[in-house]
Protein chains: 2
Amino acid sequence: MSLRHGLLGLIAARPTTGYDLAKSFEASLANVWAAQLSQIYPELGRLHEQGLIRVLGTGPRQKKTYEITDEGLAEVRRWVLDVEPDRAHRNGAMLRTFFLWLVDPAEAEAYLRREAAIHRGNLERFEEMAGREPATPSAPLPVEWAVRYCRELAEWSEWAADRVRDESRAARA
Amino acid sequence: MSLRHGLLGLIAARPTTGYDLAKSFEASLANVWAAQLSQIYPELGRLHEQGLIRVLGTGPRQKKTYEITDEGLAEVRRWVLDVEPDRAHRNGAMLRTFFLWLVDPAEAEAYLRREAAIHRGNLERFEEMAGREPATPSAPLPVEWAVRYCRELAEWSEWAADRVRDESRAARA
DNA sequence: TAAAGCATGTAATCCGTTACATGATTTA
DNA sequence: TAAATCATGTAACGGATTACATGCTTTA
C-alpha cells in the first residue's frame with residue numbers, strides 16, 4: 001500500500017488538502033508513483049478514521065486541511081525502515097522491445113528514435129527540476145534518480161536504434 | 001493490456017503452453033512485466049476465443065499447446081507499432097526515498113547501502129544473461145536495458161548513501 | 001456573467017495478486 | 001511409494017483507472 005504511505009509522508013512535510021496532494025503527486029511523484037484524486041479521497045478518509053491524520057481546519061469550498069498525528073508519523077517511519085520495499089517494476093515500453101523482431105527493421109528503428117527523443121525531453125524537465133529548491137532534504141535523491149533514469153533510457157534507445165539499423169544492414173549485405 | 005500482447009508475442013516466437021509461458025515471463029520478462037499463471041490461463045482463453053491463437057495439440061496431463069494465427073500476428077504487429085507505449089512506471093522503493101528525511105540519517109544510509117548491494121547482485125545476474133544465446137533477434141535489447149537499469153540503480157544508491165552520510169556529518173559539525 | 005480552476009466525493013470496471021482446488025507424470 | 005514438478009484452472013479480494021456527479025470561488 002504505497003499510496004497510503006506516500007500521502008502520509010507528504011502530509012508529514014506540511015499540512016495539506018486532498019486536492020493539493022494530488023498536485024504534489026503530479027508534480028514530483030508522477031515518475032515514481034501516480035495517483036488520482038478519486039483514489040486519494042477515500043484513502044485520506046481511511047487514514048483519518050485510523051487516527052494517522054487529523055483535520056486541522058476547514059476553509060472555503062469545504063476544503064479540508066489535514067495534518068499528521070504522532071501515530072501517523074510513527075507509521076511512515078516504520079514503513080520507511082521496516083517494510084521490505086517492493087522492487088518489482090513494470091515497463092510496458094520495454095516489454096514491447098522484446099517483440100521488435102516481428103516488425104520491419106526500418107519501422108523498429110524509427111520507433112526507437114522517437115522514444116529516444118521523448119526521453120531526451122523528459123531528461124531536460126528533470127534536470128531543470130534538479131536545479132530548483134528542494135521541498136524536503138531528501139527530495140533531491142529521487143529527482144537525481146529521475147535524471148539518471150531518463151538519461152539511461154535515452155542512451156539505451158539510441159544504442160538500440162543503432163543496433164537494429166546495423167543488423168538489418170548486415171543482413172541485407 | 002500488456003499481458004495480452006506479451007503472451008501473443010511469445011507465442012509468435014514458437015508454439016507453447018500456458019505453463020511454459022509463465023516460465024518465460026519468470027525467466028526473461030520478470031524485470032519488465034510480471035505475470036502469474038492464474039492471470040495467464042484466463043487470458044489465453046480470451047485470445048483463443050478471439051481467434052488470435054489456436055490449439056496446436058494436446059499432450060499428456062491435458063497440456064495444451066497454442067500457436068499464433070495470422071490474425072494474432074497482425075495484432076502483435078499493430079500493438080508494437082501503432083499503440084502508444086505506456087511510459088508510466090511505479091517504483092515503490094524510489095517513492096520511499098522521498099521520505100528518508102523522516103528517519104535517522106545513519107539508518108537512511110544503511111538502508112541505501114543494503115539496496116545498493118541488492119542491485120549489484122541483480123546486475124550480475126543480467127550481465128550473465130546478456131552473455132547467453134538470445135531467444136529472438138530482439139531479445140538482447142531489453143536484456144541490455146536490464147543491465148543498464150540495475151547498474152544505474154546500484155550507482156545511484158551508493159551516490160545517495162554518500163550524500164546522506166556527508167550531509168549528516170556537515171550538520172553535526 | 002461566463003469560463004477556468006478549486007474542491008470533494010461515488011460508482012463501475014479492470015487488472016493483478018493471493019488463495020484455493022484438482023489431478024497427472026516423472027524422479028529419487 | 002513419496003516428493004517434486006508439470007499442468008490447468010476458479011474464486012475472492014484489493015488496488016487503480018475512468019466515468020460520473022456536484023457545487024463553490026476567483027478571474028477575465
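Reminder, nothing fancy here: chain letters follow the sequence lines and each chain counts from 1. In this text, all values refer to a predicted model and were calculated from it rather than measured experimentally.
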Phosphate OP1/OP2 of [N]: any [X] side-chain N/O under 4.0 Å:
| X | N | answer |
| --- | --- | --- |
| Q39(B) | dC15(C) | no |
| R90(B) | dT17(D) | yes |
| K23(B) | dT5(D) | no |
| K64(B) | dG9(D) | yes |

For [X] and [N], what is the distance between atoms [atom1] and [atom2] respectively, to the nearest whole Å?
| X | N | atom1 | atom2 | answer |
| --- | --- | --- | --- | --- |
| L95(A) | dG16(C) | CG | P | 11 Å |
| L21(A) | dG9(C) | CG | C1' | 15 Å |
| Y41(A) | dT18(D) | OH | P | 17 Å |
| D20(A) | dC6(C) | CG | C1' | 9 Å |
| E26(B) | dG16(C) | CD | P | 16 Å |
| K63(A) | dT26(D) | NZ | P | 10 Å |
| L37(A) | dC20(D) | CG | C1' | 14 Å |
| I40(B) | dC6(D) | CD1 | P | 14 Å |

Fill in: Aromatic plane relationship, H89(B) with Y149(A) - under 30° parallel, 30 to 60° tilted, over 60° perpendicular
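Tilted: the ring planes of Y149(A) and H89(B) meet at 30° to 60°.
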Practice prompt. For the pair W145(B) and W156(A), name the ring-plane relationship: parallel under 30°, tilted 30 to 60°, perpendicular over 60°.
Written response: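 W145(B) vs W156(A) ring planes: perpendicular.
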Between [options], spot the one nearest the side chain of [X], thanks.
| X | options | value |
| --- | --- | --- |
| Y19(A) | dT8(D), dT8(C), dT18(D) | dT8(C) |
| Y66(B) | dT17(C), dG9(D), dT25(D) | dG9(D) |
| R61(A) | dG16(C), dG5(C), dA7(D) | dG5(C) |

Discussion item. Here's a test of your reading of the structure: between S2(A) and P60(A), which maps to the more 5' nucleotide of DNA chain D?
Written reply: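 The residue closer to the strand's 5' end, by nearest nucleotide, is S2(A).
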Worksheet item: Hey, which of these two, M1(A) or G18(B), hits DNA chain D nearer its 5' end, going by closest nucleotide?
Response: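 Per heavy-atom nearest nucleotide, the more 5' residue is G18(B).
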Item to complete: Give a yes-or-no answer on whether the side chains of E71(B) and T69(B) include a donor-acceptor pair shorter than 3.5 Å.
Response: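 Judged by distance alone, the side chains do pair up.
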Practice prompt. Scan side-chain atoms only and decide if H119(A) and E152(A) contain a donor-acceptor pair under the 3.5 Å cut-off.
Written response: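 E152(A) and H119(A) do not have a side-chain donor-acceptor pair below 3.5 Å.
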Discussion item. Once you apply a heavy-atom cut-off of 4.0 Å, does Q62(B) come out as touching a base, just sugar-phosphate, or nothing?
Written reply: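 The residue Q62(B) makes sugar-phosphate contact but no base contact.
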Worksheet item: Between R113(B) and E109(B), is there a salt bridge with N-O shorter than 4.0 Å?
Response: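 Salt bridge flag = yes for R113(B) with E109(B).
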Practice prompt. Classify the side chain of S38(A) and the base of dT18(D) as holding, or not holding, a donor-acceptor pair under 3.5 Å.
Written response: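 Indeed, a donor on one side and an acceptor on the other fall under 3.5 Å apart.
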